[in-house]
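Sequence positions, counted from 1, serve as the residue numbers for this chain. These numbers were taken from a predicted model, which means no experiment stands behind them.
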Amino acid sequence: MDLSQLPVEQGFRMRGQQVTRVETFVDAAFAFSLTLLVIFYNELPDTVAELRDALRRVPTFAVCFVLLSMFWASHNRWSRRFGMEDAKSTVLSLAFVLVVLVYVYPLRMVTSSGLSLLTGGFVPSELGMDRSQWMLDLQTAFIVYGLGFGALSWLLWRMNVHALRRADVLALDATERFNTQSESGVYALMTASAFGSVMVSFVMLAAPVAWLNNFTVGLPMWLYSAMGMLLWAYRARRERVGPKGATA
């Protein structure tokens, strides 16, 4: 392959010019997962009143769509940049599909619950809980959500680390190596934040009743806001360092 003839995007020569069967499978899995999020997920509305009620679920669908699209775009970007089809890449991609198809359920439940809280109940919450054990149900939803988010982030992290380990075979230049290191760092931070959230949920389950209030019970999800600020600071630092200042 003549790398000089490849198109360049964001400092990367796009080695993955051909769509592989694994990529097609990943795309199909994401498309299927989105069908599980559609606002008319039980049956089509028969009346205008039912239509109005269904449309209140649009914000939940939109947020879930954006988050799933972010993960899909990350995998697609990795595929285009490196064009890897070895056994490890295939296993990681198939694991990615498995997690997505499980993650879609807690994603919808937690997202709808959060939007319902923010909108004063206008967006319907789909996080059904038993009042006698509401804390266990709430933290269980947070834990499963965190495990899904963390697993997807971890898989993307390992994919980029795998590409770095094959940097010589792929003929990655200094800029490509630096950007791949930066990408790996982003997913490592996302993984740590997600599993940190899971640990906080376990702490809340064991916490005394006196500790529980509207803020603390939702503390595991607040960590994702902190993650956003952490990622912003990390990207800003990497941009200041640049490829010439990277240590590898």
Side-chain angles (χ1 to χ4, degrees), residues 1 3 6-27 29-30 33 66-101 103 146-198 224 227-248:
M1 179 188 298
L3 296 180
L6 296 177
V8 177
E9 295 180 16
Q10 298 177 326
F12 273 90
R13 291 164 291 180
M14 298 290 104
R15 295 163 175 81
Q17 294 298 297
Q18 301 296 324
V19 178
T20 66
R21 293 184 66 186
V22 172
E23 289 178 68
T24 302
F25 185 55
V26 172
D27 292 346
F30 269 87
S33 67
V66 169
L67 191 53
L68 285 178
S69 296
M70 178 191 75
F71 281 114
W72 173 84
S74 296
H75 186 277
N76 180 66
R77 183 167 60 249
W78 176 84
S79 299
R80 298 278 73 76
R81 285 176 174 178
F82 305 114
M84 300 172 68
E85 299 182 55
D86 60 327
K88 187 169 184 177
S89 298
T90 299
V91 170
L92 290 171
S93 292
L94 292 178
F96 195 70
V97 168
L98 173 63
V99 176
V100 165
L101 294 176
Y103 176 60
L147 289 174
F149 188 97
L152 290 175
S153 301
W154 182 83
L155 287 166
L156 289 169
W157 175 22
R158 301 325 298 170
M159 288 178 191
N160 280 278
V161 168
H162 180 49
L164 277 173
R165 288 174 176 166
R166 294 177 59 83
D168 292 337
V169 175
L170 295 170
L172 299 181
D173 61 27
T175 298
E176 290 172 325
R177 294 182 191 222
F178 176 79
N179 289 339
T180 305
Q181 291 167 356
S182 298
E183 194 95 348
S184 298
V186 166
Y187 297 124
L189 290 173
M190 290 171 61
T191 302
S193 298
F195 288 116
S197 173
V198 171
Y224 293 97
M227 177 189 72
M229 294 185 287
L230 186 62
L231 291 177
W232 177 84
Y234 173 78
R235 288 191 174 103
R237 178 179 178 278
R238 294 294 289 182
E239 288 178 1
R240 287 197 302 271
V241 172
K244 294 182 179 179
T247 58

S.K.: Within the 4.5 Å heavy-atom criterion, are Phe12 and Thr175 side-chain neighbours or not?
M.R.: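 Not touching, per the 4.5 Å side-chain cut-off.
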S.K.: In the structure I gave you, are the side-chain heavy atoms of Glu85 and Arg21 within less than 4.5 Å of one another anywhere?
M.R.: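 Answer no - side chains too far apart.
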S.K.: Would you name the heavy atoms of Leu101 and Ser33 that are closest together and state the gap between them?
M.R.: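 Answer, listing the atom of Leu101 first, then Ser33: CD2-CB, 4.3 Å.
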S.K.: Do you know the tightest heavy-atom contact between Trp78 and Ala163?
M.R.: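 Shortest heavy-atom separation between Trp78 and Ala163 comes out as NE1-CB, 4.1 Å.
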S.K.: Can you find a pair of side-chain heavy atoms, one from Leu94 and one from Thr90, that are under 4.5 Å apart?
M.R.: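 Yes; the side chains approach each other to less than 4.5 Å.
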S.K.: Locate the shortest heavy-atom distance separating Tyr224 from Ser197; write the atom from each residue and the value.
M.R.: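 Where Tyr224 meets Ser197 most closely, the heavy atoms are CE1-OG, 3.6 Å.
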S.K.: Can you tell me how far apart CG (Leu170) and CZ (Arg81) are? Round to the nearest 0.5 Å.
M.R.: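 The distance works out to 13.0 Å.
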S.K.: Between Ser184 and Asn160, which heavy-atom pair has the shortest distance, and what is it?
M.R.: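 Where Ser184 meets Asn160 most closely, the heavy atoms are OG-CB, 3.2 Å.
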S.K.: Can you find a heavy atom in the side chain of Leu231 that is under 4.5 Å from one in the side chain of Met190?
M.R.: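 Counting from C-beta outward, Leu231 and Met190 do come under 4.5 Å.
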S.K.: Among Arg177, Arg158, Arg77, Arg238, which one satisfies salt bridge (Lys or Arg N to Asp or Glu O under 4.0 Å) with Glu183?
M.R.: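 When salt bridge (Lys or Arg N to Asp or Glu O under 4.0 Å) is applied between Glu183 and each of Arg177, Arg158, Arg77, Arg238, only Arg77 qualifies.
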S.K.: Taking side chain as C-beta onward, heavy atoms only, is Tyr187 less than 4.5 Å from Ser74?
M.R.: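 A side-chain contact exists here, since the closest heavy-atom pair is under 4.5 Å.
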S.K.: So Ser89 and Asp86, side-chain hydrogen bond (donor to acceptor under 3.5 Å, both in side chains) or not? Walk me through it.
M.R.: CA-CA 5 Å; Ser89 298; Asp86 60 327; 2.4 Å; yes
S.K.: Indicate yes or no: at least one non-hydrogen side-chain atom of Trp72 is less than 4.5 angstrom from one of Val100.
M.R.: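 A side-chain contact is absent here, since even the closest heavy-atom pair is not under 4.5 Å.
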S.K.: Got Phe149 and Met227 here, is their nearest side-chain heavy-atom distance under 4.5 Å?
M.R.: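 Contact flag for Phe149/Met227 side chains = yes.
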S.K.: Kindly compute the distance separating CH2 (Trp232) from CZ (Arg237), expressed to the nearest 0.5 Å.
M.R.: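 The CH2 atom of Trp232 sits 14.0 Å away from the CZ atom of Arg237.
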S.K.: Is there a salt bridge (Lys or Arg N to Asp or Glu O under 4.0 Å) between Glu176 and Arg15 once you walk through the steps?
M.R.: CA-CA 12 Å; Glu176 290 172 325; Arg15 295 163 175 81; 3.0 Å; yes
S.K.: In Å, rounded to the nearest 0.5 Å, how long is the span from CG of Leu156 to OG1 of Thr191?
M.R.: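 Going from CG on Leu156 over to OG1 on Thr191, the span is 8.0 Å.
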S.K.: Please round to the nearest 0.5 Å and tell me the distance separating atom CE of Met14 and atom OG of Ser79.
M.R.: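 If I round to the nearest 0.5 Å, the distance is 11.0 Å.
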S.K.: Taking atom CG of Leu189 and atom OG of Ser153, what is their separation to the nearest 0.5 Å?
M.R.: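 Result: 10.0 Å between the selected atoms.
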S.K.: Tell me which one of Phe71, Tyr103, Phe96, Phe25 satisfies ring pair (Phe, Tyr, Trp, His ring centres under 6.0 Å) with Phe30.
M.R.: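 By the ring pair (Phe, Tyr, Trp, His ring centres under 6.0 Å) criterion, Phe30 pairs with just one of Phe71, Tyr103, Phe96, Phe25: Phe96.
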S.K.: Do Ser93 and Met159 come close enough that some side-chain heavy atom pair is under 4.5 Å?
M.R.: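 The answer is yes; the side chains approach within 4.5 Å.
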S.K.: How many angstroms lie between CG in Leu172 and CZ in Arg166, if you round to the nearest 0.5 Å?
M.R.: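 Between atom CG of Leu172 and atom CZ of Arg166 there are 10.5 Å.
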S.K.: Of all heavy-atom pairs between Val99 and Gly148, which one has the smallest distance, and what is that distance?
M.R.: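 Here Val99 and Gly148 meet closest at CG1-O, 3.7 Å.
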S.K.: For Gly16, does its backbone N or O pair with a side-chain atom of Arg80 as donor and acceptor, under 3.5 Å?
M.R.: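 Present.
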